[in-house]
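Atoms considered below: every heavy atom in the structure, side chains included; atoms not considered: hydrogens, waters and symmetry mates.
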Amino acid sequence: MALFGKKEVEQNEFSVLPNHIGIIMDGNGRWAKKRGLPRSAGHKAGANVFRKISKECERLGIKYVTFYAFSTENWKRSKEEVDALMNLFMEYLLEAKSDVTQAGNSRIKFIGEREGLSQELLNLMDEAEEETGSHTGTTVYLAVNYGGRQEIVSAVNKLLKDGKTEITEKDISENIYTTPECDLIIRPSGEQRLSNFLLWQAAYSEFWYSDVLWPDFKAENLHSALREFEKRNRRFGG
């Protein structure tokens, strides 16, 4: 069966797959501007790509994938754009039950700060996590109201509240939002920076950049990143 109009890539075509992929969904606004559309249209197109790529990660057998959806810095954007993004999250969560069923055995988890999000949205997030909690396929982390620095600060504060007086790297690794270290970070849109994403987990990440804007990102782009990952000589400082 064709996927997005092209022959599917079989999982065994990859000699090695990353355990955890981080994806910065970047370029929605520029995509919309190029077409004379409001930024909200770019975010809507990007949300559709998120669905497709998360399902492709599930099909390939990737264990964890984290999508950077809304950063703590994104609150600085216009109220209109922020409201449009929050409405998209609501739409996605309202459709999540059927969406997850189509994706197979994916598990949804949300990472980030809850403060500032509406109670209605928080309830839907909790329901989505509960409904998929028993799934054993790809864990899809959606980073909403997320910042890498804040994640580390939250982990340290939690450890201090638990009575820790000396904190180790292992302690922080076990108390951040996503425990698996990130093997590969994918950033489309031509930008080449982390933008406060998975700072702790990305200590030894491989990076893959592309000029394609996120709403134009396809399964073939994901496959290209995975083929490049296969070629990397990962020494982890050794």
Side-chain angles (χ1 to χ4, degrees), residues 4 9 14 16-34 39 42-58 60 62-77 81 85 88-89 92 109-112 138-152 176-178 180-234 236:
F4 310 134
V9 174
F14 297 105
V16 60
L17 284 171
N19 183 56
H20 181 190
I21 297 176
I23 300 179
I24 301 174
M25 299 186 289
D26 195 19
N28 295 336
R30 277 169 283 167
W31 182 90
K33 184 177 181 181
K34 283 173 65 175
R39 290 176 66 89
H43 293 307
K44 189 172 183 62
N48 290 331
V49 174
F50 156 72
R51 291 184 176 93
K52 293 176 182 177
I53 297 303
S54 62
K55 291 175 184 178
E56 179 65 358
C57 288
E58 165 73 17
L60 289 170
I62 293 165
K63 195 168 182 183
Y64 302 97
V65 57
T66 301
F67 291 90
Y68 202 7
F70 188 86
S71 76
T72 51
E73 291 81 14
N74 287 158
W75 292 109
K76 300 173 185 175
R77 296 183 179 183
E81 185 174 356
L85 280 166
L88 274 176
F89 294 149
Y92 166 70
K109 296 196 75 174
F110 293 88
I111 61 172
T138 300
T139 297
V140 177
Y141 289 106
L142 198 57
V144 178
N145 198 19
Y146 171 89
R149 289 179 175 178
Q150 182 58 44
E151 177 178 23
I152 296 168
I176 51 177
Y177 300 136
T178 65
E181 292 192 0
C182 191
D183 302 296
L184 173 65
I185 289 181
I186 294 172
R187 181 161 193 167
S189 87
E191 304 293 348
Q192 298 185 16
R193 57 180 178 270
L194 270 176
S195 297
N196 204 17
F197 180 54
L198 299 182
L199 298 182
W200 186 268
Q201 300 90 329
Y204 289 102
S205 293
E206 301 295 325
F207 292 85
W208 186 86
Y209 302 108
S210 169
D211 289 334
V212 65
L213 300 176
W214 177 249
D216 292 325
F217 195 91
K218 294 183 171 53
E220 304 93 82
N221 301 115
L222 174 64
H223 301 159
S224 294
L226 294 175
R227 291 192 185 98
E228 181 64 30
F229 179 80
E230 287 180 309
K231 301 173 186 175
R232 302 287 177 88
N233 178 19
R234 305 188 74 204
F236 301 95

How many angstroms lie between atom OG1 of T178 and atom OH of Y64, to the nearest 0.5 angstrom?
10.0 Å

For the residue pair Y141 and H20, categorise the inter-ring angle as parallel (less than 30°), tilted (30 to 60°) or perpendicular (more than 60°).
tilted

State the CD1-CG distance between I62 and L17, to the nearest 0.5 angstrom.
5.5 Å

May I have the step-by-step check of side-chain contact (heavy atoms from CB on, under 4.5 Å) for I53 and F67, ending in yes or no?
CA-CA 10 Å; I53 297 303; F67 291 90; 4.2 Å; yes

Considering only heavy atoms from C-beta outward, does the side chain of P188 approach that of L213 to under 4.5 Å?
no

If I compare all heavy atoms of N19 with all of P180, which pair ends up nearest, and what's the gap?
ND2-CB, 4.2 Å

Between I21 and L226, is a side-chain contact (heavy atoms from CB on, under 4.5 Å) present by the stated rule, with each step listed?
CA-CA 10 Å; I21 297 176; L226 294 175; 3.9 Å; yes

Measure the shortest side-chain to side-chain distance between F217 and L222 over non-hydrogen atoms and say whether it is less than 4.5 angstrom.
yes

One pair to check against side-chain contact (heavy atoms from CB on, under 4.5 Å): M25 and V49. What are the steps and the verdict?
CA-CA 9 Å; M25 299 186 289; V49 174; over 6 Å; no

Between W200 and I176, what is the shortest heavy-atom contact and its length?
CD1-CD1, 3.5 Å

Hey, could you give me the NE2/CG distance between H223 and L60, rounded to the nearest 0.5 Å?
5.0 Å

Cationic N near anionic O, under 4.0 Å, E228 to R232
yes

Find the distance between CD (E230) and CD (E206) and round it off to the nearest 0.5 Å.
12.5 Å

Taking Y146 for its side chain and E151 for its backbone only, find out whether a donor-acceptor pair lies under 3.5 Å.
no

Hey, does R30 have a side-chain heavy atom less than 4.5 Å from the side chain of S189?
yes

side-chain hydrogen bond (donor to acceptor under 3.5 Å, both in side chains), paired with N28, selected from E81, K33, H43, R39:
H43

Step by step, would you call N221 with S224 a side-chain hydrogen bond (donor to acceptor under 3.5 Å, both in side chains)?
CA-CA 5 Å; N221 301 115; S224 294; 5.5 Å; no

Closest approach of C182 to S205 (non-hydrogen atoms, all atoms of both residues):
O-OG, 2.6 Å

CG on D211 to CD on E191, rounded to 0.5 Å
9.5 Å

Considering all heavy atoms, the nearest P215-G42 contact:
CG-O, 3.8 Å

With a 4.5 Å limit on heavy-atom distance, are the side chains of V140 and C57 in contact?
no

Taking the side chain as C-beta and beyond, is there a heavy-atom pair between E56 and K52 under 4.5 Å?
no

Can you name the nearest heavy-atom pair linking D183 to F229, along with the distance?
O-CE1, 3.5 Å

Side-chain contact, heavy-atom cut-off 4.5 Å: K109 with T139?
yes

To the nearest 0.5 angstrom, please state how far the CZ atom of F50 sits from the NZ atom of K55.
10.0 Å

Nearest heavy-atom neighbours spanning L184 and A225
CD2-O, 4.2 Å

Going by the side-chain contact (heavy atoms from CB on, under 4.5 Å) test, name the single residue among D26, I111, N196 that passes it with Y68.
N196

